[in-house]
Amino acid sequence: MKVSDILLNDGYKIPAVGLGTYQIRGGEGYHQILAAISDGYRSIDSATNYDNEGIVGKAIRDSGIPRSQFFISSKLPGKYHRYDDALSAIKESLARMGLEYFDLFLIHWPLPKRGLYVEAWKALITAQKLGLIKSIGVSNFEPEHLDKIITETGVTPAVNQIEIHPYWINDNRIQENLKRGILTEAWSPLGRGSDALKEPIIQKLAEKYDKNVGQIILRWHLDRGVVPLPKSTNLEHQRANLNIFDFSLTNDEIQAINALNRENGRIDGQDPNEYEEFE
């Protein structure tokens, strides 16, 4: 199935839907990723802290599809924010994946209490100049973190990957990214097993458009200008998650889903200003 592309601020293109791989590991995970590739996924999102870069790379190599057709992302963990550590970690990630370059590489969390994210960002800029990464970006960055790295380096991230789902619509952060010309990606776009899938408004829209509830939520992301990264180990769901390009929600329908937002809607309460990343 053909997935639309979106132009990034650096001139590269990113598929409008990607495969999230959090908690997909080992031999079983390898086969799940291979199946997703065979169903049409070309954008695959990994991270050093997911402990699965090896199987992601193996699935890409074993797929029989040219590397140039993929958009592969990974992320830098907090323990490697110092410049030299970050540069070594990027090279190590590439070696684990068995790839020569990343299409996108992100700083996983800003960890402002440690105050090293500018150093990490400078390392990503260097890695980009060395040809190790095509597009560089961040994850879970607040507007003040974005402004600090942009001001200190003159380089704007291509992407900011943040938590977004119907109980945490994060509209102000999407707008802040947009204002700076940064594309927003959504992690846990379906709410990671939350009750959002049972919400009457979403079920009603699924009936109207002859889609499943997950497809309605993913379309809601697209219609808000967000690239969702749904994770599924279920092959039927993987296929369905790509089948969202033949309809659109109306503005009223988008607003009706937005109204599900909750004040404490974050899945694990991970506030980027406070969160100390696992290592």
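Because the structure is a prediction, the values reported are computed rather than measured. Along the sequence shown, residues are numbered consecutively beginning with 1.
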For [X], does the [atom1] atom sit with more than 12 other heavy atoms under 6.0 Å from it, leaving out its own atoms?
X: Glu100; atom1: CD; answer: no
X: Asp210; atom1: CG; answer: no
X: Glu28; atom1: CD; answer: no
X: Glu207; atom1: CD; answer: no
X: Arg192; atom1: CZ; answer: yes

In one Ile/Leu/Val/Met/Phe/Trp/Tyr side-chain cluster, 4.5 Å: Ile149, Leu104
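As far as the 4.5 Å side-chain criterion goes, Leu104 and Ile149 are not connected within one cluster.
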
How close do [X] and [Y] get, heavy atom to heavy atom, and via which atoms?
X: Pro272; Y: Pro110; value: O-CG, 3.8 Å
X: Leu87; Y: Thr126; value: CD2-CG2, 4.1 Å
X: Gln215; Y: Asn243; value: NE2-O, 3.4 Å

Given Lys204, Glu253, Arg219, the one that forms side chain to side chain donor-acceptor pair (under 3.5 Å) with Tyr209
Glu253

Side chains of [X] and [Y]: does their closest heavy-atom pair fall under 4.5 Å?
X: Asp62; Y: Ile60; answer: no
X: Met97; Y: Val56; answer: yes
X: Lys113; Y: Glu274; answer: yes

Please find out if less than 6.0 Å separates the ring center of Phe71 from that of Tyr12.
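Between Tyr12 and Phe71, which both carry aromatic rings, the centre distance is not below 6.0 Å.
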
Quick check: Tyr117 with His81 (ring centres under 6.0 Å apart)?
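That pair fails the under 6.0 Å test.
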
CZ/Arg96 to CG/Leu94 distance, rounded to the nearest 0.5 angstrom?
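The distance works out to 9.5 Å.
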
Hey, could you give me the CZ/OG distance between Phe105 and Ser73, rounded to the nearest 0.5 Å?
10.0 Å

How are the rings of His145 and Phe141 set relative to one another: parallel (under 30°), tilted (30 to 60°) or perpendicular (over 60°)?
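His145 vs Phe141 ring planes: perpendicular.
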
